[in-house]
Amino acid sequence: MKTRVFSTMLAMMMVLASCKKDRDKGEPSGPTSITTLELEYKATPGISGMDYTFRVKFDQIGEVAEYGIVFVPFIRDKADKVPTFGGFTSVPVKFTEKAGPVGTVHKQEQSFRFSYFNDANYRAYAVLKDGTVVYGETLHIGFS
């Protein structure tokens with residue numbers, strides 16, 4: 001009886017050790033899906049700017065190296081400008097807190113002059129450790 005219990009425990013420890021070992025090799029931990037959430041904003045006292053709080057949420061999370069919001073400022077036709085990470089006209093806002101767990105709303109505050117972020121398309125991005133970039137839905141902000 002004791003031998004059987006010991007053997008079972010030993011087998012379980014080996015399985016757990018092998019699972020951890022596979023993750024340490026840099027193998028992907030699964031797919032990543034990120035959601036762009038509506039941003040929050042308020043006027044900045046004393047200057048003609050706004051404090052923006054960008055928000056994202058992971059629906060699935062793998063090996064994320066970096067994540068945040070990327071936006072294209074000064075647009076006139078919102079359907080024509082899709083922000084891309086590393087794009088010529090796109091501006092990234094990198095989040096500083098560690099990504100995860102799934103379902104957590106991550107926030108990053110940023111101040112911009114009102115005229116700079118008055119009419120913009122923005123979306124969440126996540127750069128995976130293998131260099132792949134995953135995006136959330138593109139949203140638009142504009143003040144009339």
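Residue Leu128 is grouped with residue Phe95 when hydrophobic side chains (ILVMFWY) are merged at heavy-atom distances under 4.5 angstrom, including chains of intermediate members. Linking ILVMFWY residues whenever their side-chain heavy atoms come closer than 4.5 Å, directly or via other members, leaves Val127 and Ile69 in distinct clusters. Each of Val102 and Leu37 belongs to its own hydrophobic cluster when Ile, Leu, Val, Met, Phe, Trp and Tyr are linked at side-chain heavy-atom distances under 4.5 angstrom. Ile61 and Val56 fall within a single hydrophobic cluster, where Ile, Leu, Val, Met, Phe, Trp and Tyr are joined by side-chain heavy atoms under 4.5 Å apart, directly or via other members. Note on Tyr135 and Leu139: separate hydrophobic clusters, where clusters join Ile, Leu, Val, Met, Phe, Trp and Tyr whose side-chain heavy atoms are under 4.5 Å apart, directly or indirectly.
Minimum interatomic distance between Thr32 and Gly62 (heavy atoms only, all atoms of both residues): OG1-N, 2.8 Å. Closest approach of Ala120 and Pro73 over heavy atoms only: CB-CA, 4.1 Å. Heavy-atom minimum distance, Lys107 versus Arg55: CG-CG, 3.9 Å. Looking at every heavy atom in both residues, Phe54 comes nearest to Gln110 through CE1-CB, 3.9 Å. In terms of heavy atoms, Ala126 sits closest to Val64 at CB-CG1, 4.4 Å.
Of the possible polar contacts, none joining the Arg123 side chain to the Val70 backbone as a donor-acceptor pair under 3.5 Å is found. In this structure, Ser90 contributes its side chain and Thr84 its backbone to a donor-acceptor pair below 3.5 Å. With hydrogens and angles ignored, the 3.5 Å screen pairs a side-chain donor or acceptor of His106 with a backbone N or O of Gly100. Judged by distance alone, with hydrogens and angles left aside, the side-chain atoms of Asp51 form no donor-acceptor pair with the main-chain N or O of Lys42 at under 3.5 Å. A donor-acceptor contact shorter than 3.5 Å is absent between the side chain of Ser33 and the backbone of Gln60.
Here the NZ atom belonging to Lys57 is positioned 11.0 Å from the OG1 atom belonging to Thr36, to the nearest 0.5 angstrom. Going from atom CD of Gln108 over to atom NZ of Lys94 covers 10.5 Å, rounded to the nearest 0.5 Å.
The aromatic rings of Phe112 and Tyr52 sit tilted, their planes meeting at an angle between 30° and 60°. In this pair, Tyr67 and Phe58 present their aromatic rings perpendicular. The plane angle is above 60°, beyond the 30 to 60° band.
Applying side-chain contact (heavy atoms from CB on, under 4.5 Å) to Phe71 and the options Val93, Asn121, Thr138 leaves one that passes, Val93.
Within 6.0 Å of atom CD in Glu137, 12 or fewer heavy atoms from other residues, nucleotides or ligands are found, so the atom counts as exposed in its surroundings.
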- Message: Phe85 vs Tyr125, test: ring-ring contact (aromatic ring centres under 6.0 Å, His included). Steps then yes/no.
- Response: CA-CA 7 Å; Phe85 184 75; Tyr125 76 90; 4.6 Å; yes
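Counting heavy atoms from C-beta on, the side chains of Ile34 and Asp59 never come closer than 4.5 Å.
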